[in-house]
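Right, one structure below, let's go through it.
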4 protein chains.
Amino acid sequence: MPRSPSENERIRQLAKDKILEAAMDLFIQQGYHATSINDVAKQAEISKGLLYNYFSGKEGLLAAMVEERIAGVAEVIEKAASLQAPAEQLKFIVEQAIDNVYQQPEVFRFYLHLQTQPEADQELFPYSKRLVEEAARQFEIQCSIFESIGVPEPRKRSLYFSSTLQGIMLMISTYPQHFPIDEVKEQMLKEFCP
Amino acid sequence: MPRSPSENERIRQLAKDKILEAAMDLFIQQGYHATSINDVAKQAEISKGLLYNYFSGKEGLLAAMVEERIAGVAEVIEKAASLQAPAEQLKFIVEQAIDNVYQQPEVFRFYLHLQTQPEADQELFPYSKRLVEEAARQFEIQCSIFESIGVPEPRKRSLYFSSTLQGIMLMISTYPQHFPIDEVKEQMLKEFCP
Amino acid sequence: MPRSPSENERIRQLAKDKILEAAMDLFIQQGYHATSINDVAKQAEISKGLLYNYFSGKEGLLAAMVEERIAGVAEVIEKAASLQAPAEQLKFIVEQAIDNVYQQPEVFRFYLHLQTQPEADQELFPYSKRLVEEAARQFEIQCSIFESIGVPEPRKRSLYFSSTLQGIMLMISTYPQHFPIDEVKEQMLKEFCP
Amino acid sequence: MPRSPSENERIRQLAKDKILEAAMDLFIQQGYHATSINDVAKQAEISKGLLYNYFSGKEGLLAAMVEERIAGVAEVIEKAASLQAPAEQLKFIVEQAIDNVYQQPEVFRFYLHLQTQPEADQELFPYSKRLVEEAARQFEIQCSIFESIGVPEPRKRSLYFSSTLQGIMLMISTYPQHFPIDEVKEQMLKEFCP
DNA sequence: CATGAATGAGTGTTCATTCAT
DNA sequence: TATGAATGAACACTCATTCAT
């Protein structure tokens, strides 16, 4: 007797999640190129063939990771947007960003690595582009926060803010042990959230 | 008549340079993985076999690139150090860094990409590490500049300075068209070079 | 209330027919290798697993197709044999053969393709052999028609007849648009049915 | 010291020939699908990788075979065309065709098998098409022979001629043991070369 | 010094078949 | 009876590296 469709759906979702999690683990730990489909299947404790029932291939796994990442970042921005005071919004963004990188520097590293893929890499640049375009979209939202604060040149201020935040995240992910995150948070807030 | 030893050496150096230049071009344009040894040999107009006379292999090319990069960055720092006023030194660093990224965003992109290699990538992480360690060394020099200025917590100030500068470089390399480099230079100088 | 055994049998037969029809469609359109079991199951609107209840696998489907084909060809020969005059018999064979190919050139193509499978193809040659052996059997019947006409060397005449007819069928299936079937029918009849 | 370019060319040609011969042997014996690249490499006594230095892949081998086949057929037609009397030309074509099939029935079988590939087989149909188009071109030449003989409807006569010849070739390749080739040759010549 | 023919381990992917439900 | 999730062997192809010349 066949399984009920909903039961099947549950099984599919479980397997898909297990596979994607395995892929994320390995891609983030070792990188995309150093991880073989075999590795992913073993880590997920499934057969190589099954992986292709759920994902279109190695690139499909990366694509899924990227979408999840984008959703995660968007969520932070939306939560921030739901706060009342613009200063609170910025504070939230800064703290979330820094905390996330601090807790999982390899994750930020991975997506930054992907984002910095050379443009002529035909296989992987599309994912870089996707990340950058999405970041640009979120930058627009950030701009509107600065507008509502009433700073003189909100776009430029926002750009400087992003640069600083990105730089800090990069430094944290590079020197995760030695970075005084609390003080840096404070400095950023002092400068941008008056 | 056999060539003189020094003439031989000169020829060797020329060939080596041509190969390395070809590798740099291609690695930076398309990335390390998307570039084959064949591509490099063709671009350098030499045979595949000869490449192995001059470099230990694909990794050897990357290693040479990294060393050259490190030397280039060190040179900037040294030039800065040779200036009199600490404020001039910082100004020089900021302007050089920003100008370099602005003129060749792909180059910065490439080395940042390499630097963000996952730690468990056994093939490439050593080069990431090498870059990071060298950057740490140069950070120390930067610290001493801030010390000589007499700011309260020079290490932390220097860290914040580096973060901001790195962030700006990352943003420029990501959005090379739209970045108001002159204004950002100004902002940084206003903030850090009193 | 359980279904009656005969009702069950009828349902089985319907399902089997639906599957076989799907397989025939796809094999004939795209070929055996280019068609996957998945394709067949989807086309038949059943599950992959169920297919294996009715057929022993992909080869089983082909085997069933071959048997059906053989039965179809035998039927034509038998119908021909039921006619009175030998000349009428040959005429019937010629017209049936040519009309069938003309109406469904892909079908003839498919079985000719199968028949020309290399002998050392362990998977598919048995079906080629089966077709050829059956054709040989029908050739014997054809021979007896020529015998009854009273032509001098009936086997050789029959062989020449078959060759010509096969050649015409091949040409029709190769150039289905441009073949003057009516004239060719006439020519064959003029030559072989005095 | 490097080999001279001409020496290299010689080596390349030898290897290429050896590989193509191995592929032809195996494809013709076992068929395209039943033959793996590994098989070809082993038969040619070279490594799998080397094969890709000379051919673009499995399909490339088939393409090379098809071109060679086309050239071979064209050569026969050209030789025929160089004869004086049209009747001699037809005789030459008939005898060459029949002798070739008789001596190597598997070869004719293979190309007929390829020619009868279903049109929707995206991988292999192009080669089928190539063969058919070339055959059409040679058919035109044949037509002109019948024209110069002065038969009433040369195109139709030529079509019937081709059909008969193709049918005989098919029959020979199907029953290579039992086919009375000499008598059949005679019959064809009697019918078409007055 | 210089060449490029040759190698072979490694990789992503497909698909007929099985089996728990 | 019927489903489709799961398997794993097989395959085409790539590419860094070696080495005879």
Side-chain angles (χ1 to χ4, degrees), chain A residues 1-5 7-12 14-16 33 35-41 45-61, chain B residues 2-3 8 11-12 15 33 35-42 46-61 123, chain C residues 3 8 11-12 15 33 35-41 46-61 123, chain D residues 1-5 7-12 14-16 33 35-41 45-61:
Chain A
M1 219 172 332
R3 292 193 197 85
S4 74
E7 173 68 2
N8 259 325
E9 188 48 42
R10 204 181 58 86
I11 289 175
R12 284 186 70 81
L14 277 177
K16 204 170 174 180
H33 284 111
T35 302
S36 74
I37 285 287
N38 236 330
D39 292 340
V40 176
E45 294 176 301
I46 51 122
S47 70
K48 230 188 322 183
L50 188 60
L51 195 151
Y52 286 86
N53 277 3
Y54 296 105
F55 294 92
S56 62
K58 205 180 173 183
E59 262 196 74
L61 287 167
Chain B
R3 297 194 197 83
N8 256 328
I11 290 175
R12 270 193 75 83
H33 284 111
T35 303
S36 74
I37 285 288
N38 231 334
D39 293 339
V40 176
K42 263 185 200 137
I46 51 120
S47 73
K48 243 186 306 183
L50 190 56
L51 193 151
Y52 284 85
N53 274 352
Y54 292 106
F55 294 92
S56 63
K58 204 180 174 183
E59 262 194 72
L61 287 166
E123 187 185 358
Chain C
R3 298 194 197 84
N8 256 330
I11 289 176
R12 270 192 76 84
H33 283 111
T35 301
S36 73
I37 285 287
N38 231 332
D39 292 339
V40 176
I46 51 121
S47 73
K48 243 186 306 184
L50 190 57
L51 194 151
Y52 283 85
N53 273 353
Y54 292 106
F55 294 91
S56 62
K58 205 179 174 185
E59 261 194 74
L61 287 166
E123 187 184 358
Chain D
M1 223 171 326
R3 293 192 197 87
S4 74
E7 172 68 2
N8 259 325
E9 188 47 41
R10 206 182 55 87
I11 290 176
R12 286 186 67 82
L14 277 177
K16 202 170 175 181
H33 284 111
T35 302
S36 74
I37 285 287
N38 237 330
D39 292 341
V40 176
E45 294 175 302
I46 51 120
S47 69
K48 226 187 326 180
L50 189 58
L51 193 150
Y52 287 88
N53 276 3
Y54 296 105
F55 294 92
S56 62
K58 205 180 174 184
E59 261 195 75
L61 288 166

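The structure displayed is predicted, hence computed values, not measured ones. All chains are named by letter (A, B, ...) in the order of the sequence lines, taking the proteins before the strands, and each is independently numbered beginning at 1.
A:N8 is linked by a side chain to side chain contact (heavy atoms under 4.5 Å, CB included) to A:R3, counting only residues two or more places apart in sequence or in another chain. Shown here are the side chain to side chain contact (heavy atoms under 4.5 Å, CB included) partners of B:S56, two or more places apart in sequence or in another chain: there are none. Qualifying salt bridge (charged side-chain N to carboxylate O under 4.0 Å, His left out) partners for D:E7, counting only residues two or more places apart in sequence or in other chains: D:R10. Residues satisfying the side chain to side chain donor-acceptor pair (under 3.5 Å) test with D:N38, not counting sequence neighbours, are none. Listed by chain and number, the residues in a salt bridge (charged side-chain N to carboxylate O under 4.0 Å, His left out) with D:E9 amount to none (sequence neighbours excluded). Listed by chain and residue number, A:R12, A:A15, A:K16, A:I19, A:L50 satisfy the side chain to side chain contact (heavy atoms under 4.5 Å, CB included) test with A:Y54 (two or more places apart in sequence, or in another chain). By the side chain to side chain contact (heavy atoms under 4.5 Å, CB included) test, B:K42 is found to be paired with no residue, residues two or more places apart in sequence or in another chain being considered.
Atom NZ in D:K58 sits roughly 12 Å away from atom C1' in F:dC13 (whole-Å rounding). Note: CD (B:E59) to P (F:dT17) measures 8 Å, nearest angstrom. As a whole-Å value, the separation of D:R10 CZ from E:dA5 C1' is 13 Å. What separates NE2 of A:H33 from C1' of F:dT14 is a distance of 13 Å, to the nearest Å. Note: CG (B:N38) to C1' (F:dT18) measures 14 Å, nearest angstrom. For the pair C:E123 CD and E:dT17 C1', the interatomic distance rounds to 13 Å; values are reported in whole Å. Rounded to whole Å, atom P of E:dG8 lies 13 Å from atom CD of D:E45.
A heavy atom lying under 4.0 Å from DNA chain F marks the following residues of residues 47-56 of chain A, by number: A:S47, A:K48, A:G49, A:L50, A:N53, A:Y54.
C:T35 comes within contact range of the sugar-phosphate backbone alone, with a heavy-atom separation under 4.0 Å but no base atom that close. Within 4.0 Å (heavy atoms only), A:A15 reaches sugar-phosphate atoms of the nucleic acid but no base atom. Counting any heavy atom pair closer than 4.0 Å across all strands shown, B:I37 reaches a base atom.
Between D:N8 and the phosphate of E:dA5, there is a side-chain N or O to OP1/OP2 separation shorter than 4.0 Å. Dashed line: the shortest gap from a side-chain N or O of D:R12 to OP1 or OP2 of E:dA5 is under 4.0 Å.
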Test side-chain contact (heavy atoms from CB on, under 4.5 Å) on C:I37 and C:L61 and set out the steps.
CA-CA 10 Å; C:I37 285 287; C:L61 287 166; 4.3 Å; yes
Symbol by symbol from the 5' end, with Watson-Crick or G-U pairs under 3.5 Å, [ ] crossing and | another strand, DNA chain E is .||||||||||||||||||||
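Judged purely by atom type and a 3.5 angstrom limit, B:K58 uses its side chain to pair as donor or acceptor with the backbone of B:T35.
Two residues, A:I46 and D:G57, neighbour DNA chain F, and the one matched to the more 5' nucleotide by heavy-atom proximity is A:I46.
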